[in-house]
Amino acid sequence: MELATEKKMEKTVQLADRVNRISISPTMVVLQEAEKLKAQGIDVADFGPGEPDFPTPEHIKRAVVRALEENRTKYTPVAGITPLRQAICDWHAAQLGSAYQPSECVVNVGGKHAIFNAICSLINPGDEVIIGAPYWVSYPDMVKYAGGTPVFVETLANDAFILRASQVEAAATPNTKIVIANSPNNPTGSVIPPMEFARLQDFCNRHDIWLLSDECYSHFVYKDAKPFSAASIPGPKDRLIVAGSFSKTFAMTGLRLGYILAPKPLVDAIAKLQSQSTSNPTSIIQYAGLAAMRGSMDSVAAMQEEYARRREHILAGLRAIPGVTCTPPMGAFYVFPNVAAHFSPQMPDTTAVAKQLLEREHVAVTPGEAFGAPGYLRLSYATSMERIDEGLRRLARFFGKAA
Ligand SMILES: Cc1ncc(COP(=O)(O)O)c(C=O)c1O
């Protein structure tokens, strides 16, 4: 009997092909290493986090508590409560110039879930999805999970990492099903100008290709850039998917709330998928979302202002380091410097740079390889000005020695 149990434990686990096709998010790996050092009491200058360092605004927190006290703890409709779907449509129309009905809105467990469900609802084996590189780490794996093939289009630092319609056109084939546009972009901070977006949308419409516009950072834009949605471009929207998130805009990453705005048949398909997987997003968090959509945008404006200040500061600090170049980001809360001039036989890529930075200077950054961009590091400036200064001092010392 004992022998049989032992034998059983030795057996390898035969996982499904779709799970073997994907890997753990590489950004999480860096965060885990930094967390280990912090747990040992080490003072880490942490440029890793992809989330706001601000607390969730008071009126949103109060709405969660109120919902709990009012016993709003039961199942809700799978696609979200109707007042929230209506409020998202109203907010999106007022903030970003769209015109959706609640039947064209489905609420999800965060923007990641929203994009995952949209991809899984559309992609068949053999379908291709065009993704601008550098890219948010999850897109390629989501496409692979669904059985599709990611096709990368390299955006260029000297073109502000803008995804151009001409590049998409050159990469498209009869198998292209979706083009993903992420503006503002994680990791580069690039913002696609409205004219270029219109060209992308026109190309997709003419070729019956879906345009998936990930607008999770819409409200964090700088200089001349204004919050913008592809849904505000005149013309047909029957191949447009807008993915939105409460995570960054309202500093509520852990509460997990996002949405899709899309033609009703796709919204219905996503709701069907949710009905057999997650069911509704957490009931009380939907009330947080309602408060966010109906409440004041002052806290969002305050966060934007603070990010703008930090952006200037970190850009100036990085550019003062010899051998480091940095395209100014126009949105999100990341800078994406190129440090390839510091490569050496001991430090041949940015994975090695990030490792040594963490070991020698206790600075946490995300290597560019994670985003399909060797030579670059991603630094989040969703951290205090003091911590940015401390991190810059250590970076200057590190690259001073490394050069
Ligand atoms: C570009 C981009 N899209 C979507 C998401 C998803 O965010 P969430 O699932 O927290 O809404 C993220 C989070 O880092 C992101 O960077």
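All values below were derived from every heavy atom in this structure, side-chain atoms included, with hydrogens, water molecules and symmetry-related copies excluded.
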> Checking R378 side chain against T366 main chain: does a donor-acceptor pair fall under 3.5 Å?
Replying inline: no

>> Determine whether V129 and I119 satisfy the following criterion, side chain to side chain contact (heavy atoms under 4.5 Å, CB included), listing intermediate values before the conclusion.
In response: CA-CA 9 Å; V129 177; I119 289 174; 5.6 Å; no

>> If you apply the rule salt bridge (charged side-chain N to carboxylate O under 4.0 Å, His left out), what do you find for E305 with R309, and how did you get there?
In response: CA-CA 6 Å; E305 264 175 44; R309 248 168 36 92; over 6 Å; no

> Rounded to the nearest 0.5 Å, how far does OG of S121 lie from CD of Q274?
Replying inline: 8.5 Å

> Can you name the residues that form a side chain to side chain donor-acceptor pair (under 3.5 Å) with D349, not counting sequence neighbours?
Replying inline: none

>> Between S183 and V191 (side chain of the first, backbone of the second, donor and acceptor by atom type, cut-off under 3.5 Å), is there such a pair?
In response: no

>> Just to verify, what does F47 make a ring-ring contact (aromatic ring centres under 6.0 Å, His included) with, not counting sequence neighbours?
In response: none

> Does the Q304 side chain pair with the main chain of V221, one donor and one acceptor, at a distance under 3.5 Å?
Replying inline: yes

> Can N205 and Q201 be counted as having a side-chain donor-acceptor contact under 3.5 angstrom?
Replying inline: no

> Looking at CD of E58 and OG of S296, how far apart are the two atoms once the value is rounded to the nearest 0.5 Å?
Replying inline: 13.0 Å

> Does H207 have any side chain to side chain donor-acceptor pair (under 3.5 Å) partners at least two apart in sequence or in another chain, and if so, which?
Replying inline: none

> Between N71 and T73, is there a donor-acceptor pair closer than 3.5 Å when you use the side chain of the first and the backbone of the second?
Replying inline: no

> Can W136 and F371 be said to form a side chain to side chain contact (heavy atoms under 4.5 Å, CB included), step by step?
Replying inline: CA-CA 6 Å; W136 180 46; F371 311 100; 5.6 Å; no

>> Could you work out, with ring-ring contact (aromatic ring centres under 6.0 Å, His included) as the rule, every residue matching F116, not counting sequence neighbours?
In response: Y145

> Looking just at side-chain N and O atoms, do E128 and T173 make a donor-acceptor pair shorter than 3.5 Å?
Replying inline: yes

> Quick one: side chain to side chain donor-acceptor pair (under 3.5 Å) pairs with a partner in residues 96-107, sequence neighbours left out?
Replying inline: H92-S98

> Among all residues two or more places apart in sequence or in another chain, which pass the salt bridge (charged side-chain N to carboxylate O under 4.0 Å, His left out) test with R394?
Replying inline: D43, E390

>> My understanding is that only residues two or more places apart in sequence, or in another chain, count here; which of them pass ring-ring contact (aromatic ring centres under 6.0 Å, His included) with Y307?
In response: F54, F220, F333

>> How long is the straight-line distance from OG of S138 back to CD1 of I115, given to the nearest 0.5 Å?
In response: 8.0 Å

> After noting the C-alpha distance and the side-chain angles of N185 and Y334, does the key distance pass the side-chain hydrogen bond (donor to acceptor under 3.5 Å, both in side chains) rule?
Replying inline: CA-CA 9 Å; N185 179 278; Y334 309 102; over 6 Å; no

> Which atoms form the tightest heavy-atom contact between T188 and P134, and what is the distance?
Replying inline: CG2-CG, 3.5 Å

Give the table of side-chain donor-acceptor pairs shorter than 3.5 Å for residues 249-262, with sequence neighbours excluded, one pair per line with atom names and distance.
{"residue": "T253", "atom": "OG1", "partner": "E51", "partner atom": "OE1", "Å": "2.5"}
{"residue": "R256", "atom": "NH1", "partner": "T253", "partner atom": "O", "Å": "2.9"}

> Who are the side chain to side chain donor-acceptor pair (under 3.5 Å) partners of T350, not counting sequence neighbours?
Replying inline: E369

> What residues, two or more places apart in sequence or in another chain, satisfy side chain to side chain donor-acceptor pair (under 3.5 Å) together with D46?
Replying inline: K38

> Which distance, rounded to the nearest 0.5 Å, do you find between the CG of L211 and the CG of L240?
Replying inline: 5.5 Å

>> I'd like to know if the side chain of Q167 reaches the main chain of R164, judged simply by a donor and an acceptor atom lying under 3.5 Å from each other, with no hydrogens or angles considered.
In response: yes

In residues 285-295, what donor-acceptor pairs under 3.5 Å come from side-chain atoms, sequence neighbours left out?
{"residue": "Q286", "atom": "OE1", "partner": "I81", "partner atom": "N", "Å": "2.8"}
{"residue": "Q286", "atom": "NE2", "partner": "T76", "partner atom": "OG1", "Å": "2.9"}
{"residue": "Q286", "atom": "NE2", "partner": "P281", "partner atom": "O", "Å": "2.8"}

> Which residues satisfy the ring-ring contact (aromatic ring centres under 6.0 Å, His included) test with H362, sequence neighbours excluded?
Replying inline: none

>> Restricting to non-hydrogen atoms, name the atom on H342 and the atom on P322 that form the minimum distance, rounded to 0.1 Å.
In response: NE2-O, 2.8 Å

>> Using 0.5 Å steps for rounding, measure from the CG atom of N117 to the CD1 atom of I241.
In response: 11.5 Å

>> Check whether K237 reaches the backbone of G235 with its side chain - one donor and one acceptor, N or O, closer than 3.5 Å.
In response: yes

> Is S279 reaching over with its side chain to a backbone N or O of V78, donor-acceptor style, under 3.5 angstrom?
Replying inline: no

>> Let's go through K272 and D268 carefully: what are the C-alpha distance in whole Å and the side-chain angles of both, what is the deciding distance for salt bridge (charged side-chain N to carboxylate O under 4.0 Å, His left out) to 0.1 Å, and is it a yes or a no?
In response: CA-CA 6 Å; K272 182 166 75 171; D268 289 347; over 6 Å; no

> Is a donor on one side and an acceptor on the other found under 3.5 Å between the side chain of R239 and the backbone of W210?
Replying inline: no

>> Between N338 (side chain only) and T325 (backbone N and O only), is there a donor and an acceptor less than 3.5 Å apart?
In response: no

> Counting distance only, does the side-chain N/O of S380 pair as donor-acceptor with the main-chain N or O of A382 below 3.5 Å?
Replying inline: yes

>> Apply ring-ring contact (aromatic ring centres under 6.0 Å, His included) to residues F161 and Y376 and explain how you reach the verdict.
In response: CA-CA 13 Å; F161 294 110; Y376 294 86; 5.7 Å; yes

>> Let's go through L357 and L395 carefully: what are the C-alpha distance in whole Å and the side-chain angles of both, what is the deciding distance for side chain to side chain contact (heavy atoms under 4.5 Å, CB included) to 0.1 Å, and is it a yes or a no?
In response: CA-CA 8 Å; L357 258 174; L395 283 166; 3.7 Å; yes

>> If you compare all heavy atoms of V143 against all heavy atoms of P150, which two are closest, and at what distance to 0.1 Å?
In response: CG1-N, 3.7 Å

> What residue among K248, K226, Q95 forms side-chain hydrogen bond (donor to acceptor under 3.5 Å, both in side chains) with H219?
Replying inline: Q95

>> Distance check, rounded to the nearest 0.5 Å: T149 atom OG1 versus K177 atom NZ?
In response: 13.0 Å

